[in-house]
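What follows is a short report on a single structure.
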Amino acid sequence: MPSVPSPLVRRFDQSSDFSDVAAARRFVREALADVDPAISADLQLAVSELMTNAIEHAASPHVTVEVTIDVGEVVLTVTSHGSGPLAPVTTWEPAPPEASAGRGLAIVRSVATNVTVDHVDDTLRISVHRAR
Amino acid sequence: MSDEELLTIRPIDGGAALVGEIDAHTVGLLTQVFDDPGDLVLDLSGVEFVDSSGLRVLIELHQNRSQAGGTLVLRAPSPAVRRLLEVSGVADYLTVDDGTTS
């Protein structure tokens, strides 16, 4: 059995102007430099949506992004703190075409093989699994 | 890195070419520039990244123009734009011109 891969981790102390969203994408792109570019592009999209949501909804500016490259999958995990009860994770369904907002999480789900959400106390941890 | 480096907006005939990355941080540039509801062509061939923040503005621009009798045409969407339209399910709602003849 291969050893358990260790995640690449970066913590962002984000400002309210969303400038860390691009920095999070760069981190994911660099972490996935040796992975299929289509998978990397989709997970850059996912981290962009999750970071944007965290900045909009989380009370704490500290957001942690982790990337784990395993044999059969890549896992992107975004952890934020101080989010309201389920506020950021209520809208997983695709929005109708004419809706202008509310489709970020549906996009995350659609590029993922599987998504897990752990919401314990004030910590919201969303893991995006993508088969490779 | 400044906003201008992340996203540039270059005038073209009938609209503008967007080059760079469109996200919650840079999307404000678009809403500032395109407040006139007339016909608009956006060349998206140089868009390296776009997420739902950018899509929201494209949908609002489309709706503003439709209500005013105008159109928004998305020309030559890059792979990043195509992927976003695909995974968000709005590809058929917006007007896309593949740009192969232009």
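Order of the sequence lines sets the chain letters (A, B, ...), proteins ahead of strands, with each chain counted from 1.
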Under 4.5 Å between any side-chain heavy atoms of [X] and [Y], yes or no?
X     : Y      : value
B/T26 : A/F18  : no
B/I59 : A/R103 : yes
A/L45 : B/L84  : yes

Check the hydrophobic clustering (I, L, V, M, F, W, Y; side-chain heavy atoms under 4.5 Å; chains of links allowed) and say if [X] and [Y] are grouped together.
X      : Y     : value
B/L85  : B/I22 : yes
A/V28  : A/V75 : no
B/L72  : B/L29 : yes
B/V73  : B/L61 : no
A/V117 : A/I55 : yes

State plainly whether the residues A/R26 and B/E21 are in salt-bridge range, i.e. N to O under 4.0 Å.
yes
Where does A/S48 contact chain B at under 4.5 Å (heavy atoms): side chain, backbone, both or neither?
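The answer is both parts of A/S48.
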Out of curiosity, A/E49 CD to B/S88 OG, how far, rounded to the nearest 0.5 Å?
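Taking CD in A/E49 and OG in B/S88, the distance rounds to 9.5 Å.
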Interatomic distance, A/Q44 atom CD to B/E48 atom CD [nearest 0.5 angstrom]
10.5 Å
Choice from B/D92, B/V90, B/D51 maximising heavy atom contacts with chain A below 4.5 Å
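Looking at each option in turn, the highest pair count goes to B/D51.
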Specify the closest pair of heavy atoms between A/A22 and B/D23, including all atoms of both residues, with the distance to one decimal.
N-OD2, 3.9 Å
Between B/S52 and A/G104, which heavy-atom pair has the shortest distance, and what is it?
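Of all heavy-atom pairs spanning B/S52 and A/G104, the closest is OG-CA, 3.7 Å.
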